[in-house]
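Since the structure comes first, as C-alpha cells, the remarks are kept for the end.
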Amino acid sequence: PPPPADISPVPIADIQNIEWQWVSLVETEPASQSVVPHPENYTLILRPDGTYHAKADCNLASGSYTTDGSQITFGMGPVTLAECGPNSLYNQFLTHLSNVASFGLRGENLILELADGAGEMEFINAGNPRQGFYHSLKLAELRTFQFIFISKEILPVFHRDQFHSHRCYFGYFSRYILVIHKFKIFT
C-alpha cells in the first residue's frame, strides 16, 4: 500500500468538542496495522477546559491534557475497572492514549502519534458529543467488579441480567465528587 498522507498540524480548538472514534492503530515494533472492530466503543472527547473524556469499550476514563503546539500529553484520571471480555481493546486503547506525544489531522481524521515513533492511533469524526451517556455491562461476564464514577448524577438500575448505570451531564464528567461503588455478584 502507498505510504499514508502527511499529518497536518491544527490548532487544538479544531479538534475539541468532537466525539472522535478510534478506527485504526499502526505500530512500529513489531510492525503492524490493526483495524478497530467497533469504533463506537472507543471514543475520545477533548474539552476546551483541558479535560478529556474517553469511552474504552465497557469502561470510562477522564483526565486532563496539556498541549504545546502540536505536542499533547494526556494525564490519566479516574477509570472504571470492569473487565470487558476477551476481545476487548480497552486496555490497549488506554495504554496507547497515555503514550501519545503529538496530534494532527490527516484529511478529516485525527491522528495521535505515539511517543518515540512507536506508531499512531487514527480517529474519525463522529460529530458533536452527547450530553448524556448510557452504559451497560452484562453481569454474566463478571463476578466481581468495581466502578469508579465522577458524575453529577448516578442512577444504578438492575434489570434482568444487566446492570445499567445512567449518567447525566457526561460533558461535565470530571467536575464532580468522586464516588466509588463496589458490587460483588454471587451466582
Side-chain angles (χ1 to χ4, degrees), residues 1 3-5 7 12 15-16 18-47 50-67 70-127 129-130 133-150 163 165 167 170 173-174:
I7 299 170
I12 189 67
I15 63 170
Q16 293 172 332
I18 295 170
E19 181 178 300
W20 295 100
Q21 295 182 352
W22 186 35
V23 293
S24 71
L25 172 67
V26 174
E27 295 178 283
T28 57
E29 290 294 327
S32 66
Q33 184 169 357
S34 306
V35 174
V36 177
H38 298 284
E40 69 279 3
N41 290 339
Y42 303 93
T43 64
L44 177 65
I45 302 167
L46 302 172
R47 298 291 184 193
T51 61
Y52 73 89
H53 309 287
K55 178 181 175 188
D57 200 351
C58 70
N59 288 295
L60 300 176
S62 68
S64 60
Y65 68 90
T66 57
T67 61
S70 64
Q71 305 301 305
I72 189 166
T73 303
F74 290 95
M76 288 303 220
V79 178
T80 58
L81 302 175
E83 180 59 44
C84 301
N87 297 324
S88 178
L89 301 174
Y90 80 93
N91 195 35
Q92 189 177 16
F93 177 74
L94 293 174
T95 299
H96 286 311
L97 196 61
S98 69
N99 290 319
V100 167
S102 62
F103 69 94
L105 292 179
R106 181 178 294 130
E108 295 182 5
N109 292 356
L110 173 64
I111 305 299
L112 297 180
E113 294 183 292
L114 304 178
D116 300 321
E120 64 182 39
M121 302 172 76
E122 182 174 5
F123 294 77
I124 59 169
N125 183 334
R130 299 171 298 230
F133 183 79
Y134 189 74
H135 180 65
S136 66
L137 298 170
K138 291 185 178 179
L139 293 181
E141 298 173 5
L142 305 171
R143 293 289 185 260
T144 303
F145 52 97
Q146 178 181 26
F147 294 91
I148 300 176
F149 298 127
I150 292 182
F163 168 80
S165 173
R167 282 173 292 291
F170 180 64
F173 188 70
S174 66

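Just so we're clear, the structure is a prediction, and the values are computed from it rather than from any experiment.
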**OP:** Taking all heavy atoms of Met121 and all of Leu97, pick out the closest pair and write down the distance.
**Re:** SD-N, 4.0 Å

**OP:** Flag the pair Ile45 / Arg47 as yes when at least one side-chain heavy-atom distance between them is below 4.5 Å, and no otherwise.
**Re:** yes

Subject >> Glu108 side chain to Asn125 side chain, donor-acceptor N/O pair below 3.5 angstrom >> reply: no

**OP:** Taking all non-hydrogen atoms of both residues into account, name the closest pair between Leu94 and Ala61 and its distance.
**Re:** CD2-CB, 3.9 Å

Original post:
Asn59 side chain to Ala82 main-chain N or O, any donor-acceptor pair under 3.5 Å?
Top reply: yes

Original post:
Taking the side chain from Trp22 and the backbone from Ser24, do they hold a donor-acceptor pair closer than 3.5 Å?
Top reply: yes

Original post:
Is there side-chain contact between His53 and Leu60, with at least one heavy-atom pair below 4.5 Å?
Top reply: no

Original post:
Who pairs with Asn41 by side chain to side chain contact (heavy atoms under 4.5 Å, CB included), at least two apart in sequence or on another chain?
Top reply: His38, Lys55, Asp57

**OP:** Please report the shortest heavy-atom distance between Phe93 and Ala56, naming the atom on each side.
**Re:** CD2-CB, 3.7 Å

Original post:
Do Thr43 side-chain atoms and Glu40 backbone N/O form a donor-acceptor pair below 3.5 Å?
Top reply: no

**OP:** Could you check if a side-chain atom of Asp116 sits within less than 4.5 angstrom of a side-chain atom of Asn99, using non-hydrogen atoms only?
**Re:** no

**OP:** Quick one: list whatever passes side chain to side chain contact (heavy atoms under 4.5 Å, CB included) with Thr67, sequence neighbours left out.
**Re:** Ile12, Tyr65, Ile72, Phe103

Original post:
Between the main-chain N or O of Gly63 and the side-chain N or O of Thr51, is there a donor-acceptor pair closer than 3.5 Å?
Top reply: no

Original post:
Would you call Leu112 and Leu44 a side-chain contact if the rule is heavy atoms closer than 4.5 Å?
Top reply: yes

